[in-house]
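These notes are about the structure you will find just below.
Please read all numbers here as calculations on a predicted model, not as lab measurements. Just the heavy atoms: all of them, side chains too, but no hydrogens, waters or symmetry mates, feed the values below.
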Amino acid sequence: MDNIFGLSVPELEARCGALHIPAYRAGQIAEWMYRRSADSFEAMTNLPKKLRALLPSVFSISRAECVERWDSADGCTSKFLLRFVDGVTVETVLMRQPYGNSVCVSTQAGCAMGCAFCASTLHGVTRNLTTGEMLAEVLFIDEMLRDGGQKVDTMVLMGSGEPMMNYDNVLAFLRLVHAKYCLNMGYRNITISTSGIVPGIGRLEREGLPITLSISLHAASDALRSELMPINRKYPLREVVAAGKAYGEHTKRRVTYEYILIRGVNDSKKDAEALSSLLRGQLASVNLIPINPVRERNWERPSKERVNRFLAMLEEYHITATVRREMGSDIQAACGQLRNQHIAESAGFD
Ligand code: SAH
């Protein structure tokens, strides 16, 4: 069955055209699916009865089902394990921030990048998510918030997966989220986080959209970065930073560099110096993230004093930097942790 959830209006028009259904019906169907939470054609009461009866024989509307939910003790972070029709599960996180509701979206089930500190990649990548599946993640949260008179305000593609390895679906998803008939979200409210896929960054730059780019750096030397992030062997540090610089200059958007702090690994004065000289002169800021230790790995976070010292050193070198507000570590909100637990439990070895 042809699942139409996640199609844009022009795509729906083409589907309708093939069935000799007037094109304007596409807009109505989109409105029902994306703004009015319809998950059946029966609910689309402004379509003629005959059409409502025909549509389910050719199309399905397949969204996501929530199989587990965790809420942090402070109530600010909620994490959902969503399941798609083929049984594949992903994590989606809602963060209630002072500036609004932010959703952290997964772009792949699992991840192939192999970063040493990340739980998402432990089982490799299962598959890319479709445009409709990513939309189902955000709409699931948005519909829940709508009940309380709220909505999703911002979105970060920082869940499991490498967005640039699923480029076409990700871009179609962002265009859909931006569309008036869907969430009408400004591109400025959207952040894509990448492990540094240089051609992907270049492609995104050429789209000419004011999307915020975030690059996971985590080390300021090639030797260490290659150890932490194997993708560095393909796209080394200098190329990644050059791509970030070009993106910032072209889009006039400040690029964020994420830097996980791992005790005794990348948190010394020398590291801060190297990081500063790498980013000097760029429209950039550094987001320091004390590592969320994953039990499958042996990394520890530095003390608060050491984190603050690292921050102060960057500031001394005139690099704009912040320490990420910690959210949801009591509910295993670090990438991929929840899904792994679920996989382990279903496999019966937890
Ligand atoms: N693949 C993309 C997006 C997903 S990861 C990327 O690499 O950017 C989102 C962010 O979470 C990345 O910066 C990643 O490095 C970070 N992350 C992964 N595991 C983490 C952990 N254990 N503690 C803190 N941050 C982590």
Side-chain angles (χ1 to χ4, degrees), residues 2-18 23-38 59 61-64 82 84 90 92 100-109 127-143 145-146 151-194 197 199-214 243 247-248 250-253 255:
D2 190 6
N3 177 17
I4 59 167
F5 189 83
L7 295 186
S8 64
V9 165
E11 288 166 333
L12 285 168
E13 281 172 353
R15 296 289 207 287
C16 286
Y24 70 93
R25 296 288 181 206
Q28 292 177 315
I29 295 170
E31 166 95 15
W32 277 109
M33 289 195 296
Y34 305 143
R35 296 191 71 98
R36 302 177 72 173
S37 321
F59 299 135
I61 301 174
S62 175
R63 303 165 65 120
L82 301 183
F84 303 118
V90 298
T92 307
N101 294 308
S102 185
V103 172
C104 180
V105 178
S106 292
T107 56
Q108 297 181 307
R127 64 171 177 80
N128 279 341
L129 298 193
T130 64
T131 302
E133 286 168 338
M134 289 180 265
L135 184 65
E137 292 181 61
V138 190
L139 278 189
F140 169 77
I141 308 269
D142 194 69
E143 284 163 9
L145 291 170
R146 266 182 237 167
K151 65 179 175 67
V152 172
D153 301 295
T154 62
M155 190 169 85
V156 292
L157 275 57
M158 283 191 189
S160 293
E162 170 48 54
M164 298 300 186
M165 300 303 270
N166 187 14
Y167 189 93
D168 291 335
N169 290 347
V170 163
L171 251 286
F173 159 61
L174 299 186
R175 290 188 191 280
L176 201 49
V177 162
H178 176 73
K180 285 217 163 48
Y181 57 82
C182 194
L183 284 172
N184 196 19
M185 191 185 289
Y187 288 119
R188 287 185 164 72
N189 295 339
I190 300 175
T191 300
I192 293 191
S193 180
T194 177
I197 312 292
I201 297 171
R203 241 181 118 181
L204 189 66
E205 181 190 321
R206 290 190 294 277
E207 305 281 351
L209 305 172
I211 293 170
T212 305
L213 178 69
S214 180
Y247 187 89
H250 187 237
T251 60
K252 309 277 184 289
R253 304 284 298 156
V255 174

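We find that Arg35 and Asp142 are not joined by a salt bridge, their nearest charged nitrogen and carboxylate oxygen being 4.0 Å or further apart.
When all heavy atoms of Leu129 and Ala109 are compared, the pair lying nearest together is CD2-N, 3.9 Å. Between Thr131 and Gly6, the shortest heavy-atom distance links the atoms CG2-O, 3.6 Å. The nearest pair of heavy atoms linking Cys182 to Leu135 is SG-CD1, 3.7 Å. Nearest heavy atom pair, residue Gly186 against residue His178, reads CA-ND1, 4.1 Å. Residues Ser193 and Met158 approach most closely at CB-CG, 3.4 Å, considering heavy atoms. In terms of heavy-atom proximity, Tyr181 sits nearest to Pro10 at OH-CD, 4.3 Å.
A distance of 6.5 Å separates OG1 in Thr107 from CE in Met134, rounded to the nearest 0.5 Å. Summarising the geometry, atom CD1 belonging to Ile4 is positioned 7.5 Å from atom SG belonging to Cys16; distances are rounded to the nearest 0.5 Å. To the nearest 0.5 Å, atom CG of residue Leu171 and atom CG of residue Leu209 are 7.0 Å apart. Leu139 CG to Leu176 CG: the interatomic distance, rounded to the nearest 0.5 Å, is 8.0 Å. Annotation: the span from Ile192 atom CD1 to Ile211 atom CD1 amounts to 4.5 Å, rounded to 0.5 Å. With rounding to the nearest 0.5 angstrom, the CG atom of Asn128 is 9.5 Å from the CG atom of Asp168.
When side chains are defined from C-beta on, Val138 counts as touching Phe173, because their heavy atoms get closer than 4.5 Å. Put simply, the side chain of Arg175 reaches to within 4.5 Å of the side chain of Tyr187, judged on heavy atoms. Annotation: side chain of Phe84 is not in contact with side chain of Ser62 (no heavy-atom distance under 4.5 Å). Contact check for Thr92 versus Val103: side-chain heavy atoms found under the 4.5 Å cut-off.
In this structure, Thr191 contributes its side chain and Val156 its backbone to no donor-acceptor pair below 3.5 Å. Looking at Asn101, its side chain never comes within 3.5 Å of a backbone N or O of Asp153 through a donor-acceptor pair. Side chain of Arg253 to main chain of Pro210: a donor-acceptor pair is present (N/O by atom type, distance under 3.5 Å, no hydrogens or angles). Side chain of Tyr34 to backbone of Ser8: no donor-acceptor contact under 3.5 angstrom is found.
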Exercise. Assess whether side-chain contact (heavy atoms from CB on, under 4.5 Å) is satisfied between Leu157 and Leu174, documenting all intermediate values.
Key: CA-CA 10 Å; Leu157 275 57; Leu174 299 186; 4.1 Å; yes

Quiz item: How far apart are the C-alpha atoms of Met33 and Phe5, what are their side-chain angles, what is the distance that settles it, and do they pass the side-chain contact (heavy atoms from CB on, under 4.5 Å) test?
Solution: CA-CA 7 Å; Met33 289 195 296; Phe5 189 83; 4.1 Å; yes

Exercise. Please lay out, stage by stage, how Met155 and Glu137 fare under the test side-chain contact (heavy atoms from CB on, under 4.5 Å).
Key: CA-CA 11 Å; Met155 190 169 85; Glu137 292 181 61; over 6 Å; no

Exercise. For the pair Arg188 and Thr212, evaluate side-chain contact (heavy atoms from CB on, under 4.5 Å) and give the outcome as yes or no after the intermediate values.
Key: CA-CA 6 Å; Arg188 287 185 164 72; Thr212 305; 5.7 Å; no

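For Met165, the CE atom sits in a loose shell: 12 or fewer heavy atoms of surrounding residues, nucleotides or ligands are nearer than 6.0 Å.
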